[in-house]
Amino acid sequence: MTTTELTDTDIATRGADPAVGARATEQGALGWLADEADRVRTAGLHRDPIVRRADTPVVDLASNDYLGFCTHPEVVAGGQAALAQWGAGATASRLVVGTTEAHIELENDLADFLGFHSALAFSSGYLANVGAITALVGRGDLIVSDTGTHASLIDGCRLSRARVVVVDRGDHQAVHDALRARTEQRALVVTDSVYSIDGEPAPVADLYAVARDCGAALLVDEAHALGVRGPGGRGLIAEHGLSGAPDLIMTTVLSKSLGAQGGVVLGPELLRSHLVDRARTFIFDTGLNPAAVGSAHTALRLLRADPAMPDRLRENAARLAEAIGAPAPAAAVVSLIVGDPHAAVAAAAACRDRDVLVGCFRPPSVPAGTSRLRLTVRADLDDVTIERVARIVLDALRTVGAR
């Protein structure tokens, strides 16, 4: 077990370096960017966005469109109908005129489907996590997080100004020890339910028991579990029978299994009311655009109507993992460690050259030495496509000497 405490000093990314000041004088205040770019490229960590073409057929295993809803005709039509009715944007923050009837209907149906009393939609999952954490804790409070949490949770912790203790991923005993040793009255435990890098589940039931025993609240990000795990795709919280439980907050996204965009925070009605009053990423951000609302709502209806979709998704993930020699997945993510970042980039490019898009994760997204291909499987893949993808991935790995 390792336990780390983050302070404001840890948050700073640069120390005092006289050479930086010298370069700024010689080359301008942004002169250091050239040196930084060289360093990043040498380490194999430079990133360029991959530009997709609308007319190029590809097998997309890099996105998080787990149920294939992004291009589903009914989901697209739902977005188009909302676009025609409400216009291209929400036009203002949710507290001004940025809340439409469509927003409220989506929130109510999400709360009902996921077993919570209320839901509040944000413009992205990132903003939902940051907004929820910073509205719930601040200076003089404690957050206990783990090493697998998403960047949005990490940034929420930092921006809250609470004291943050970071423990090993899945170590609920370390969470218990941190909570018991605290001097703060209020405490919040935060975790992903399914970790985004490798698709492994967190011990949600154990974390909830620990939090309750120690008088803390638990926030669980179900971004990679909605539509993937739990009864009918309701997530890991529902799988453990904890939907709507006291002192439990769920966050999730509309941009993965539901194929649209946006984030949601679910919990008791008092929580929703508090976030409306205090969550800065809700108060000062333009509301979620109506087309995303309409698309997500249609996708939710389709998921309700076909509760076996998450089972098909996980079966596809298991078949692909077996075919490429990856660990058996617990969700929709198949993670294949390559090691060297240059080799991982080359393997992903080789797949792309054969019209298969795969994710390529390198530091700081993953620890040094564990750069990998990350394949996100979909429910709508057939056996022929899975076999083809497996051949292409294995050929790419052999090409770069990783197999």
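The main-chain N or O of A292 is never found under 3.5 Å from a side-chain atom of S295 such that the two would form a donor-acceptor pair. The backbone N or O of I237 lies less than 3.5 Å from a partner atom in the side chain of E222, making a donor-acceptor pair. D38 places no side-chain N or O within 3.5 Å of a backbone atom of T42 that could act as its donor or acceptor partner. Side-chain atoms of N129 never come within 3.5 Å of backbone atoms of S152 as a donor-acceptor pair (strictly under, hydrogens ignored). In this structure, the side chain of T134 does not engage the main chain of L159 through any donor-acceptor pair within 3.5 Å. Judged by distance alone, the side chain of S118 and the main-chain N or O of P268 form a donor-acceptor pair under 3.5 Å. Counting only distance, with no hydrogens or angles, the side chain of D168 and the backbone of D171 share no donor-acceptor pair below 3.5 Å. Between the side chain of T376 and the backbone N or O of L61 there is at least one donor-acceptor pair closer than 3.5 Å. Between the side chain of R378 and the backbone N or O of D60, at least one donor-acceptor pair lies under 3.5 Å. S257 contributes no side-chain N or O that, together with a main-chain N or O of L67, makes up a donor-acceptor pair within less than 3.5 Å.
Residues S335 and R374 have side chains that never bring a donor and an acceptor to within less than 3.5 angstrom of each other. No donor-acceptor contact under 3.5 angstrom links the side chains of H150 and Y126, judged on distance only. For the 3.5 Å distance criterion, the side chains of D192 and H224 fail to qualify, holding no donor opposite an acceptor.
Exactly one residue among L300, D109, L226, V264 makes a side chain to side chain contact (heavy atoms under 4.5 Å, CB included) with L114. That residue is L226. Just one residue in the list D383, D382, D306, D380 forms a salt bridge (Lys or Arg N to Asp or Glu O under 4.0 Å) with R312, and that residue is D306.
When side chains are defined from C-beta on, L275 does not count as touching R272, because their heavy atoms never get closer than 4.5 Å. Inter-residue side-chain proximity for R180 and D213 is flagged as met; some heavy-atom pair is nearer than 4.5 Å. Within the 4.5 Å cutoff, the side chain of I392 has no heavy atoms near those of the D355 side chain. For the pair D141/L188, no side-chain contact is recorded, criterion being any heavy-atom separation below 4.5 Å from C-beta on. With contacts defined as side-chain heavy-atom distances shorter than 4.5 Å, the pair R229/P201 qualifies. Between L271 and L136, the closest side-chain pair of non-hydrogen atoms falls below 4.5 Å. Looking only at side-chain heavy atoms (C-beta outward), E387 and R319 stay at 4.5 Å or farther from each other. Between V393 and L320, the closest side-chain pair of non-hydrogen atoms is not below 4.5 Å.
In this structure, NE2 in H72 is found 12.5 Å from CG in L258, a value given to the nearest 0.5 Å. Atom NZ of K256 sits about 6.5 Å away from atom OH of Y66, to the nearest 0.5 Å. Between the CG atom of D146 and the OG1 atom of T191 there is a distance of 4.0 Å, given to the nearest 0.5 Å. Separation of atoms CG (L127) and CG (D285) is listed at 5.5 Å; rounding is to 0.5 Å. Summarising the geometry, atom CG belonging to D247 is positioned 12.0 Å from atom CG belonging to L242; distances are rounded to the nearest 0.5 Å. Atom-to-atom distance recorded for T100:OG1 and L106:CG is 9.0 Å, nearest 0.5 angstrom.
Note on E74 versus R301: no salt bridge recorded, every NZ/NE/NH1/NH2 to OD/OE distance being 4.0 Å or above. Note on R354 versus D395: salt bridge recorded, some NZ/NE/NH1/NH2 to OD/OE distance being below 4.0 Å.
The two residues R182 and G215 come nearest to each other via the heavy atoms NH2-O, 3.7 Å. The two residues V194 and A225 come nearest to each other via the heavy atoms CG2-CB, 3.8 Å. Minimum heavy-atom separation, A92 to V97: CB-CG2, 3.7 Å. Of all non-hydrogen atoms in L248 and F116, the two that sit nearest each other are O-CE2, 3.9 Å. Summarising the geometry of A128 relative to F122, their closest heavy-atom pair is CA-CG, 3.7 Å, with the distance given to 0.1 Å. When all heavy atoms of S371 and P363 are compared, the pair lying nearest together is OG-CD, 3.4 Å.
The environment of R278 atom CZ is sparse: at most 12 non-hydrogen atoms of other residues, nucleotides or ligands sit within 6.0 angstrom. The environment of H117 atom NE2 is sparse: at most 12 non-hydrogen atoms of other residues, nucleotides or ligands sit within 6.0 angstrom. Other residues, nucleotides and ligands contribute at most 12 non-hydrogen atoms within 6.0 Å of the CD atom of E322. Around the CZ atom of R304, the shell of radius 6.0 Å holds more than 12 heavy atoms that belong to other residues, nucleotides or ligands.
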Report task. Please step through side-chain contact (heavy atoms from CB on, under 4.5 Å) for the pair L397 and L336, ending with a clear verdict. Result -> CA-CA 10 Å; L397 292 172; L336 198 58; 3.4 Å; yes

Requested in this report: Give the intermediate values and the outcome of side-chain contact (heavy atoms from CB on, under 4.5 Å) for residues V76 and T298.
Outcome: CA-CA 9 Å; V76 173; T298 303; over 6 Å; no

**Report entry** Test side-chain contact (heavy atoms from CB on, under 4.5 Å) applied to M309 and L313, step by step
**Finding:** CA-CA 6 Å; M309 288 188 76; L313 167 63; over 6 Å; no

Report task. Step by step, work out the side-chain contact (heavy atoms from CB on, under 4.5 Å) result for E239 and L236. Result -> CA-CA 5 Å; E239 188 172 309; L236 213 59; 3.7 Å; yes

